[in-house]
Q: 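There's a structure below that I have some questions on.
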Amino acid sequence: MREIPKTYDQSKETDIYQLWESSGFFNPDNLSGKPFTIMMPPPNATGTLHIGHAFETSIQDILIRYHRMKGEKTLWLPGTDHAAIATNTKVEKILIKETGKNRHDIGREAFVKKVEEFVEKSRGTIQQQLRTVGASADWSREAFTFDEPRNLAIRTAFKKMFEAGLIYRGIRVINWDPKGQTSVSDDEVVHKSEKAQLYTFKYSKDFPIAIATTRPETKVGDVAVAVHPADVRYKKFVGQEFKVNFAGADLNIKIVADESVDPEFGTGAVGVTPAHSMADFDIAQRHNLPAPQVINEFAKMTDTAGSLIAGKKTKEAREIIVAWLTEQGLLEKTEAIDINLATAERSGGTIEPLPKLQWFVNVNKAVAERSGKTLKELMRDAVASGKIKILPERFEKTYFHWIDNLRDWNISRQLWYGHRIPVWYKGEEIYSGIEEPEGSGWSQDEDTLDTWFSSALWTFSTLGWPNETADLKTFHPTDVMAPGYEILFFWVARMILMSTFLLDDVPFKTVYLHGIVRDIQGKKFSKSLDNGIDPVEVIKQYGADALRMGLVVGVGAGNDSKYDQMKVKGYRNFANKIWNAARFVMQNTQDMTPSNSPLKGGEKKNPPPFKEGLGEVKLTPEDQAILYELNQLLAKTTIQMDNFDFAHAAENLYHYFWHTFADKILEESKVKLANEKTKASAQLMLKTILETSLKLLHPFMPFVTETIWQLDHKDLLMIEKWPRLR
RNA sequence: GGGUGAUUAGCUCAGUGGUAGAGCGACUGCUUUACACGCAGUAGGUCGUAGGUUCAAUCCCUACAUCACCCACCA
């Protein structure tokens with residue numbers, strides 16, 4: 001028997017990974033049984049993995065390894081997301097920093113090339129990092145949201161939705177990000193609480209009604225004043241029109257009655273600026289009013305804004321208007337209030353509502369092929385019917401609330417890195433198709449698609465859809481999706497939308513949402529705080545098993561957690577404990593005869609944790625009790641695994657292994673091993689408990705358990721069968 | 001404005017209708033035929049506040065407080 005080192009050496013983890021990967025068992029083609037599928041939420045191809053990814057990867061790998069051991073045909077399909085807006089922003093930032101030029105300076109083609117180089121490098125890093133964590137993913141099926149098979153899926157999806165009338169083009173007031181120079185969807189808008197001044201004033205001295213606003217500069221775009229129909233103060237003015245000169249702009253203000261006005265707020269009268277407020281745009285639509293644009297894409301006032309402020313930035317224009325109002329004696333009141341300022345999630349720029357021609361997904365249109373249901377209803381039904389289970393359950397409520405308030409989804413972006421909208425124009429003609437139409441003179445839409453449009457197809461675009469592949473038949477719908485709760489709307493909901501419409505099926509059966517890993521003070525990891533932790537560094541120091549346990553134990557579904565290095569260190573110690581217990585067992589069971597080995601012969605395929613009357617070995621009642629306890633542990637662990645309760649499963653295994661097996665059973669065996677009469681049964685007990693424990697621990701701590709297993713087995717622990725209940 | 005989660009030992013978190021647990025840390029001993037990344041042991045909590053239900057509440061109900069988060073076109 002060779003010497004076994006005193007301390008577990010986690011630097012050998014890469015060898016073990018190599019062993020697994022080259023075995024081919026990450027690939028379900030080499031496995032049998034019922035399919036079990038998880039699509040990896042594709043990390044953004046913009047950077048490197050952080051500790052949160054390590055957590056997410058651990059959860060999925062635990063699930064996958066457990067199901068693989070249960071004898072299922074497990075597919076864990078990895079990939080990366082081109083993350084259009086994030087990548088576009090990031091690379092442009094680097095470009096500006098390095099050369100002082102922005103994307104417009106170097107042109108579309110050169111810019112996209114630059115992004116692609118960046119992404120290629122980044123993707124390689126991510127793949128390596130996932131391997132380091134121990135991800136037993138099928139690399140042969142790896143996908144990228146921007147590769148050719150996925151492009152085909154995206155163009156096909158667009159075409160089908162366009163033909164079903166679910167995608168339309170129209171002028172709407174959308175969220176414009178002047179900093180990022182693109183529109184963004186409602187979900188990409190982040191509201192930030194800010195102090196602002198609420199100004200109350202009249203357009204002119206002889207105007208009868210005072211209005212209140214925090215943005216006086218937009219008032220040069222007003223076309224009406226809306227009041228509540230029942231408001232007696234203003235009833236007599238409804239229907240009247242006033243011509244006023246407001247700060248150098250000639251306005252035609254009509255007094256309209258609209259239910260949406262709250263008579264209690266401010267003066268109870270709203271200055272209606274259709275082009276720069278979604279609410280006002282709606283009012284204007286109801287009353288057939290025009291929508292003059294007074295702010296442009298760069299958040300500067302247009303010529304329509306009047307002589308006083310045309311060409312000025314909005315902030316500057318505001319000051320000018322306020323000064324003008326004061327000078328004219330029109331300002332009645334200024335009060336400080338708290339407002340929720342809309343900002344763009346990615347760039348941080350202040351959102352400027354602008355009327356623009358954009359592409360939208362209609363969520364309220366009845367779909368004939370889906371029994372007349374709207375996309376909204378399809379999304380709601382998928383969860384309400386129980387076909388999709390969201391864990392923890394409380395998020396189902398959040399999901400329904402989001403759906404109920406959902407408006408049409410703006411899917412066009414004025415970015416360069418992304419999927420071009422598959423629509424071509426020639427004069428008045430418009431064509432949507434998978435390929436560019438025949439003939440010359442067609443020009444493709446300049447816009448690109450929201451990145452979430454492509455990731456929404458992820459569960460089936462990765463399986464070869466729109467082709468009817470064998471993979472698609474075998475692995476869709478997938479079993480589990482395990483993203484963070486923060487992308488429930490962005491991604492999970494959109495996957496349900498796409499899958500229910502395009503495939504008439506759910507994309508997954510269970511959504512297991514995890515929380516955010518924060519730093520020890522409870523702060524989010526962020527570049528600006530510079531509190532990021534590189535999982536690869538932690539793994540170098542303590543091993544991947546220790547990191548996985550440190551992230552998983554004590555963290556319930558959907559709960560945020562704090563990353564604690566000391567905890568990881570504790571599980572490094574545990575890995576060493578396992579190693580040494582195994583070392584002890586091996587040193588003391590070398591002379592076991594094959595007949596009393598718990599894993600002999602035909603039991604190989606699906607062995608129970610122990611067998612009665614193995615060989616000539618007689619078990620004492622005490623041994624029976626110990627085996628009973630082991631059986632209880634197995635039963636409990638299995639239930640916990642099936643219930644996604646990894647935190648407790650791992651904790652119980654830890655406790656059993658250390659404080660029951662190592663502290664008691666193993667200690668007490670020392671006397672028995674020294675006595676020839678009790679030696680054989682003690683050996684059998686040790687070996688049985690160790691091997692069962694290694695199997696139960698494997699999904700959580702794959703490296704140390706496999707390393708030990710390899711010391712005296714030819715086959716991989718990774719594909720050993722999960723112990724059977726007695 | 002609506003909603004969700006949290007509040008238990010110094011720290012991080014479990015937990016149950018019958019007067020509380022783990023890991024880490026602290027402290028005290030230990031080179032005991034695997035492990036000092038170890039072993040044996042000790043101390044430490046009016047389970048956020050106020051009511052209510054109950055024979056009995058940390059756990060159920062109702063308020064409130066503090067913290068965190070999500071949603072929302074009050075101009």
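Lettering of chains follows the sequences in order, A, B, ..., and the numbering in each one begins at 1. Being a predicted model, the structure only gives us computed values, none of them experimental.
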Q: Respond yes when some side-chain nitrogen or oxygen of A:Lys562 is under 4.0 Å from OP1 or OP2 of B:rU12, and no when none is.
A: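 Yes.
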Q: Relative to the ring of A:Trp579, is the ring of A:Tyr8 parallel (under 30°), tilted (30 to 60°) or perpendicular (over 60°)?
A: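 The arrangement is tilted - the two ring planes meet at 30° to 60°.
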Q: Taking atom C1' of B:rC71 as reference, at what distance in whole Å does atom CZ of A:Phe395 sit?
A: 13 Å
Q: Write down the distance between CZ (A:Phe490) and C1' (B:rC70), rounded to a whole number of angstrom.
A: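 Interatomic distance, CZ of A:Phe490 to C1' of B:rC70: 12 Å.
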Q: Can you check the A:His228 NE2 to B:rA75 P distance for me, whole Å?
A: 17 Å
Q: What I want to check is whether the side chains of A:Trp452 and A:Asp187 have a donor and an acceptor closer together than 3.5 Å.
A: no
Q: Name the residue closer to the 5' end of RNA chain B, choosing between A:Thr214 and A:Asn405 according to the nucleotide with the nearest heavy atom.
A: A:Asn405
Q: I need the CE-P distance between A:Met586 and B:rC35, as an integer number of Å.
A: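 Roughly 15 Å, once rounded to whole Å.
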Q: Using the P atom as the reference point in each nucleotide, state the distance between B:rC73 and B:rC55 in Å, no decimals.
A: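 The answer is 50 Å between these two P atoms.
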Q: How many whole angstroms separate atom CD of A:Glu188 from atom P of B:rC71?
A: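 Atom CD in A:Glu188 sits about 13 Å away from atom P in B:rC71.
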Q: To the nearest Å, how far apart are A:Gln565 CD and B:rU12 C1'?
A: 14 Å
Q: For B:rG38, does either OP1 or OP2 sit under 4.0 Å from a side-chain N or O belonging to A:Asn576?
A: no
Q: Just by modelled atom types, is the A:Arg572 backbone N or O under 3.5 Å from a matching donor or acceptor in the A:Asn576 side chain?
A: no
Q: Classify the angle between the aromatic ring planes of A:Phe574 and A:Phe657 as parallel (below 30°), tilted (30 to 60°) or perpendicular (above 60°).
A: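 Rings of A:Phe574 and A:Phe657: perpendicular, as their planes differ by over 60°.
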Q: Check this one for me: any side-chain N or O of A:Trp658 less than 4.0 Å away from OP1 or OP2 of B:rC39?
A: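 Checking B:rC39 against A:Trp658, a side-chain N or O does come within under 4.0 Å of OP1 or OP2.
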Q: Give me the stems containing RNA chain B, sorted by first residue, counting only three or more consecutive Watson-Crick or G-U pairs with both distances under 3.5 Å; say none if there aren't any.
A: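 In RNA chain B, stems of three or more pairs: B:1-7 with B:65-71, B:10-13 with B:21-24, B:26-30 with B:38-42, B:48-52 with B:60-64.
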Q: Return the orientation label for the A:Phe201 and A:Phe246 ring planes: parallel under 30°, perpendicular over 60°, tilted otherwise.
A: parallel
Q: Tabulated below should be each protein N or O lying under 3.5 Å from an N or O of nucleotides 21-23 of chain B; please produce it.
A:
residue : atom : partner  : partner atom : Å
B:rG23  : OP1  : A:His659 : NE2          : 3.4

Q: Using a strict 4.0 Å threshold on nitrogen-to-oxygen distance, state whether A:Lys562 and A:Asp564 make a salt bridge.
A: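 No salt bridge links A:Lys562 with A:Asp564.
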Q: Looking only at the aromatic ring of each residue, does the gap between the centers of A:Tyr563 and A:Phe55 stay below 6.0 angstrom?
A: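 No, ring centres 6.0 Å or more apart.
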Q: Should the pair A:His713 and A:Trp709 be assigned to parallel (<30°), tilted (30 to 60°) or perpendicular (>60°) ring geometry?
A: parallel
Q: Applying a 4.0 Å non-hydrogen cut-off, can you work out what A:Ala582 is touching in the nucleic acid: base, sugar-phosphate, or nothing?
A: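 A:Ala582: no heavy atom of the nucleic acid under 4.0 Å.
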Q: Given B:rC39, is OP1 or OP2 found less than 4.0 Å from the side-chain N or O atoms of A:Lys577?
A: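 Yes, because at least one side-chain N or O of A:Lys577 sits under 4.0 Å from OP1 or OP2 of B:rC39.
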Q: So do A:Ile211 and A:Val270 actually touch side chain to side chain, heavy atoms under 4.5 Å?
A: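 Counting from C-beta outward, A:Val270 and A:Ile211 never come under 4.5 Å.
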Q: Does A:Lys577 make a cation-pi contact with A:Phe661, if we ask for NZ or CZ under 6.0 Å from the ring centre and within 45° of the axis?
A: no
Q: Parallel under 30°, tilted from 30 to 60°, perpendicular over 60°: which one fits the rings of A:Phe395 and A:Tyr485?
A: parallel
Q: Taking only the side-chain heavy atoms of A:Asn580 (C-beta and beyond), determine which of B:rA14, B:rA68, B:rA34 contains the nearest atom.
A: B:rA34
Q: Parallel, tilted or perpendicular: which one describes the rings of A:Tyr203 and A:Phe207, with boundaries at 30° and 60°?
A: perpendicular
Q: Mind listing the N/O atom pairs, protein and nucleotides 2-7 of chain B, below 3.5 Å?
A:
residue : atom : partner  : partner atom : Å
B:rU4   : OP1  : A:Lys397 : NZ           : 3.0

Q: Separation of A:Lys569 atom NZ from B:rC35 atom C1', in whole Å?
A: 15 Å
